[in-house]
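For reference, the structure is listed below as structure tokens.
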Amino acid sequence: MFFFPETDYSAYPKNFIRFLGTAGTRFIMLSQRRASGGIWFSYGGCHGVIDPGPGSLVQICAADPPLSPLDINAIILTHRHIDHCSDVNVLTEGMTLKSPDKKGEILMTDDCTEAGDTVLLGYYAKKLSRLHRHRDGARCELPGCLTVESVVHEHHRVECFGLIFRSDGLPTWGIVSDTAALAEFPSRYSECDILVMNVTMLHPRSRLDHLSLSDAESLLQFLHPRLALVTHMSGFLLDYGPKKIESRLSTKRTKTITATDGLVVDLDGV
Ligand SMILES: [Zn+2]
Ligand SMILES: [Zn+2]
């Protein structure tokens, strides 16, 4: 007989994110120097996972306090690179397992389901209650009481979008995913009280569409979120050290934390 214990979320804050990984670059992912499972969020009545890369399911099942893949209501892929999408099918298995009817929603880019090169198997796509597509500036309603706005990015010729989460009465928070630094980010992310940034490089390199530490520094000079969280780091950045990253990016108005695997952030406590 099927048995899966009920998960008690009372050990977590009501609205929170948990880093299931903080790896950036294929080298950090392949060595698992940092885990690469993306971000769990519980916000506005929705449990979801953003960018479930390699080991996302393992990180969920190993989490303490526990999380359960069966409790996921939504999965969001910012883009189709393997460090952001490899576990989408196994998490969809968990998300849809308990329901005889269609269940669960996914927000992804059009090129995630390109004919002949889809990241989501047809078997799982058929089990979903809704499959949403990113459209720049559109606000997608997910199960619970929240919307997610897609923010177009520029990232090595794949479709890629950042995210802004809103729910009435709750802090607004956002993610700048893998991208070159774009001039419109200060206006697009201006409402975010909390901002997660995929900061991959120590120094800017024109051929690489990833944020560098100085790009993040410039962005925060415009945005002033109450909390900035740095993730998706390369080996160069990890070697540079979390304390130095935090002292460069923190200001009188913004506290910066370099995320670690398993870090839980109380979204209401910022
Ligand atoms: Zn990428
Ligand atoms: Zn990436």
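Residue indices begin at 1 and follow the sequence shown. Both counts, for ligands and for their atoms, begin at 1 and track the order of listing. Values reported hereafter were calculated over all heavy atoms of this structure, with side chains retained and with hydrogens, waters and symmetry mates removed.
- For residue H79, an N/O/S atom approaches the Zn ion (ligand 1) to within less than 2.8 Å.
- For the Zn ion (ligand 1), the nearest N, O or S atom contributed by D178 is named OD2.
- The nearest N/O/S atom of D83 to the Zn ion (ligand 2) is OD2.
- Between R188 and E149 there is a salt bridge, since a side-chain N of the basic residue sits under 4.0 Å from a carboxylate O of the acidic one.
- Contact check on D101 versus K127 returns no salt bridge, with no Lys/Arg side-chain nitrogen under 4.0 Å from an Asp/Glu carboxylate oxygen.
- Nearest heavy atom pair, residue D87 against residue G55, reads OD2-N, 3.4 Å.
- The N, O or S atom of H232 lying closest to the Zn ion (ligand 2) is NE2.
- Note on H81: its N/O/S atom closest to the Zn ion (ligand 1) is ND1.
- Salt bridge status for R80 with E159: absent, with no side-chain N to carboxylate O gap under 4.0 Å.
- Taking the Zn ion (ligand 1) as reference, H155 places its N/O/S atom NE2 nearest.
- A salt bridge does not link D261 to R18: none of the charged nitrogens lies less than 4.0 Å from a carboxylate oxygen.
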